[in-house]
4 protein chains.
Amino acid sequence: MADAGPGDAGPGAGPGAARTRRGRPRDAEVDRRILAAAGETIAAHGYAGLSVDAVAERAGVAKTTLYRRWPTKARLVADLVSRMQDEVPLTETGDVVGDLTRLTAGIAGSLTAAGAPLVADLTASMAHDPDFGETMRARWAQWRRAAVELLGRAAERGVLSPGFDPEVVVDQLAGPLYYRLLFTGDPLTAEYAAALVDAALGAHLRPEGPTSHAR
Amino acid sequence: MADAGPGDAGPGAGPGAARTRRGRPRDAEVDRRILAAAGETIAAHGYAGLSVDAVAERAGVAKTTLYRRWPTKARLVADLVSRMQDEVPLTETGDVVGDLTRLTAGIAGSLTAAGAPLVADLTASMAHDPDFGETMRARWAQWRRAAVELLGRAAERGVLSPGFDPEVVVDQLAGPLYYRLLFTGDPLTAEYAAALVDAALGAHLRPEGPTSHAR
Amino acid sequence: MADAGPGDAGPGAGPGAARTRRGRPRDAEVDRRILAAAGETIAAHGYAGLSVDAVAERAGVAKTTLYRRWPTKARLVADLVSRMQDEVPLTETGDVVGDLTRLTAGIAGSLTAAGAPLVADLTASMAHDPDFGETMRARWAQWRRAAVELLGRAAERGVLSPGFDPEVVVDQLAGPLYYRLLFTGDPLTAEYAAALVDAALGAHLRPEGPTSHAR
Amino acid sequence: MADAGPGDAGPGAGPGAARTRRGRPRDAEVDRRILAAAGETIAAHGYAGLSVDAVAERAGVAKTTLYRRWPTKARLVADLVSRMQDEVPLTETGDVVGDLTRLTAGIAGSLTAAGAPLVADLTASMAHDPDFGETMRARWAQWRRAAVELLGRAAERGVLSPGFDPEVVVDQLAGPLYYRLLFTGDPLTAEYAAALVDAALGAHLRPEGPTSHAR
DNA sequence: TTATAAACGAGACGGTACGTCGCGTCTTATT
DNA sequence: AATAAGACGCGACGTACCGTCTCGTTTATAA
């Protein structure tokens, strides 16, 4: 299975084993410079204006060096995006509605920050490169599991009535965000995030919980 | 809104006006051949593997001829996709749950048929090519409006309790489908479609309507 | 068989047949501009400084256009050289020594003008591309035949004693020039050309002809 | 003049001095493996298809190791070629015609064995890479000098009449061989070699020497 | 009937970017 | 020190598509 970051590293990364790889080690600084350059170039000239040559030049790096890490422009972008995604928080305070709203709004924010072109390219890379797709899906699955378990614990505490499918709920929180970003183009506001949570949980919230969540 | 079919028809494509233009008339057969060729090529090599030259050759048509009808590769594809979309039924029988389930399952089916790569590539194209994105979004808006209105009429009939946001409901039906297709890779079954409708409508269904909808 | 100039023209050039080729015809001006640009670039930056991109830019032409005519940088250069070669004169005044000296000096001059890198590249192209090699060899064979016949007529006139191999003589005139250009790097002066003729014909010249030829 | 073998040996490679240098001594085996690998690669893929990386890998040697011995790919090849060249015999029996015929036939044989593509590529490399050209020219000059001196001694012995330019003679022996190989494609037979010697020396041979040399 | 207008096939053209190849230098750890 | 391994900068190569253009050819209406 391929990892998401600068790849092709070959053997190693094995746990425990202090494998000193032979040859000149890769310059970690270079990775950073390239990703930064890519981000800046996108910010400056938009996604369409993103050429590998430009990124390499801006990073002060040879194109070859870039291609040694990412086999494709698409993969570079995918990596860039996935790093942004990792910053979404998943806190658990006991207030289900609050937690989920925070989470949903967090996703919304990071999606907005990344921008549709990047996310779209990410999906394309995942669809075309099975290895990469697997890697990314695994990452998401992890996140998903956490969210599902959060809902499960809430149900156990009696905050939510039983008989609902937590996976469907999660999908109905995250799905619309991606849908809007990629297909309708509507803005992903905090209000929208709240509305999603409201609609997804409304039927299952016990009286003691507030039906409407103002934010 | 962008026009749907082969465009650039010039003045007065109106049906009533028997405006017989001078010169050789366009060959309607050509339109069909091009769309067919595009469809086959996309099916065979995915969206990314779709080149205008290839389509033209496969259709046995000169590139000029193709560009006379669609100003851009993106527009051609948009046209193609929208024709597929038109096949998803939006029937209104009075049974909201049934109608929506049919609709959702229809989308699920057509997404599954299209396949993740195609849809993913589509999002990428939309994101990279603003023109194309606009065109496609317009198509979706149209479909969306119809679905929203259907929900509105159900509310007026009293089948649904007021105080829900129809747009959110629609997003929570369609969104998860795209989300699963592109990101989690889970299958889009009819059961899943039913579960989505159930969860999205559950809180708002009036007693006389069945809360649970089997299959 | 491939012709030496801008190729890939496909059918046509057939004798007599007024084949009107379909599609937009190639712009002959472009051929000229590219060859000129190549020549100038070589003159300006030396052979090592000759890049296809530079030539294309200087010619005000897209790289694609260049590659449509010459499949390779090497072939472009080869073509360039072979055109220079065509300008060597083969006159017949009756004075064998004079004619051959003129011819030899002519070759020497055109080789010097072309320069070792170009000629060397020509040989490489000929060696690698059999088709092209054949074409060029045929061209040379034609020239060679003319020279051999000139010697034959001189022998018939009694200016040269019989019993010599005209082909060997021709080789001993042309061969050393190429040899010096490509391998030793010695200059190809008019004196050297004269010395070659002297040495090659010396044994066969009849008394009435001058043994030594001053030029 | 450039050095012949693996260079950069540092101070005092003199045989007498028992200078045991500190550190690990160079592995002589490595030299052999590299040269062998280079030779095989050239034989297999031609000169143009010879990459330093490929040679190093084939020799089971690090590129660094290779570059420690030869500063440049060109120098490596030069070394390799010069070793082949050393096999062409330059014997001096007193029979000028015989010696030269043997020599000329020897060159013809080794050229035929090398093949036009290799020699052509060699000329191209010499022309493009001044460094390399200089190195190779130096080697040829050495060989040339020997041949010229052989002729000089023959003249001193009175076997050849004075008043001929030995350099021109040498050129008229070697030149036509290269010329035929690279440009006309005619075969380089022993008969042809003999004819060349005959024609080049014919005018200058004293009566006591045989004018015609059979086979 | 003959002009005229447009569609059509074919392919050249300018442009932009891509991903690859090879050279020679460098930086590590190992022998 | 020499060696193995491999990262790195650099420069060029040849390719792929896009959308535009310029031809010659065909097919319909209009004069």
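Every chain is numbered from 1, with letters handed out A, B, ... down the list of sequences.
- OP1 and OP2 of F:dA4 both lie 4.0 Å or more from every side-chain N or O belonging to D:T64.
- Whole-Å rounding puts the A:L66 CG to E:dG19 C1' distance at 11 Å.
- Base engagement by D:K63 is indicated by at least one non-hydrogen atom pair under 4.0 Å involving a base atom.
- At whole-Å resolution of the value, CD in A:E29 and P in F:dG9 are 11 Å apart.
- Considering only side-chain N and O atoms, B:R24 lies nowhere under 4.0 angstrom from the phosphate OP1 or OP2 of E:dG9.
- Separating the CD atom of C:E57 from the C1' atom of F:dG11 is a distance of 15 Å, rounded to the nearest angstrom.
- Minimum atom distance to the side chain of D:Y67 is reached by E:dG24, of the listed E:dG24, F:dC10, E:dG14.
- Side chain of A:R33 to backbone of A:A59: a donor-acceptor contact under 3.5 angstrom is found.
- Under a cut-off of 6.0 angstrom, the local environment of CD in C:E57 is sparse, with at most 12 non-hydrogen atoms contributed by other residues, nucleotides or ligands.
- When distances are taken from the side chain of B:R33 to each of E:dG9, F:dG14, E:dG19, the shortest belongs to E:dG9.
- Atom pair A:I34:CD1 and F:dA7:C1' shows a separation of 12 Å (rounding to whole Å applied).
- Taking 4.0 angstrom as the limit, B:S51 places none of its side-chain polar atoms (N or O) nearer than this to OP1 or OP2 of F:dA16.
- In this structure, CH2 of B:W70 is placed 19 Å from C1' of F:dC17, rounded to the nearest angstrom.
- Residue D:D27 is the one, among B:G49 and D:D27, whose nearest nucleotide of DNA chain F lies closer to the 5' end (criterion: closest heavy atom).
- Side-chain N/O atoms of B:R68 include one lying less than 4.0 angstrom from OP1 or OP2 on E:dC8.
- When every heavy atom of B:I34 is checked against every heavy atom of B:W70, the shortest pair comes out as CG2-CZ3, 3.6 Å.
- Nearer to the 5' terminus of DNA chain E, by closest-nucleotide assignment, is the contact made by B:A62 (compared with the other of C:V61 and B:A62).
- Using modelled atom types, no side-chain atom of C:T65 and backbone atom of C:V61 make a donor-acceptor pair closer than 3.5 Å.
- The interatomic distance linking D:D53 (CG) with F:dC8 (P) rounds to 16 Å, in whole Å.
- Between D:A28 and B:T72, the residue anchored closer to the 5' end of DNA chain F is D:A28, taking for each the nucleotide with the nearest heavy atom.
- Here C:R22 does not reach the OP1 or OP2 of F:dC23: none of its side-chain N or O atoms lies under 4.0 Å away.
- Distance D:K73 NZ to E:dG22 P: 8 Å, rounded to the nearest Å.
- A donor-acceptor pair is defined here as one N or O able to donate and one able to accept, closer than 3.5 Å; such a pair exists between the side chain of D:K73 and the backbone of D:L50.
- For D:R75 and E:dG24, the CZ to C1' distance is 14 Å, given to the nearest whole Å.
- Where A:A54 and B:P25 each meet DNA chain E at their nearest nucleotide, the meeting point lying more 5' is that of B:P25.
- At a threshold of 4.0 angstrom between heavy atoms, the contacts of B:L50 are confined to the sugar-phosphate backbone, with no base atom among them.
- Under the 3.5 Å distance criterion, the side-chain polar atoms of D:S51 are matched with a main-chain donor or acceptor of D:A54.
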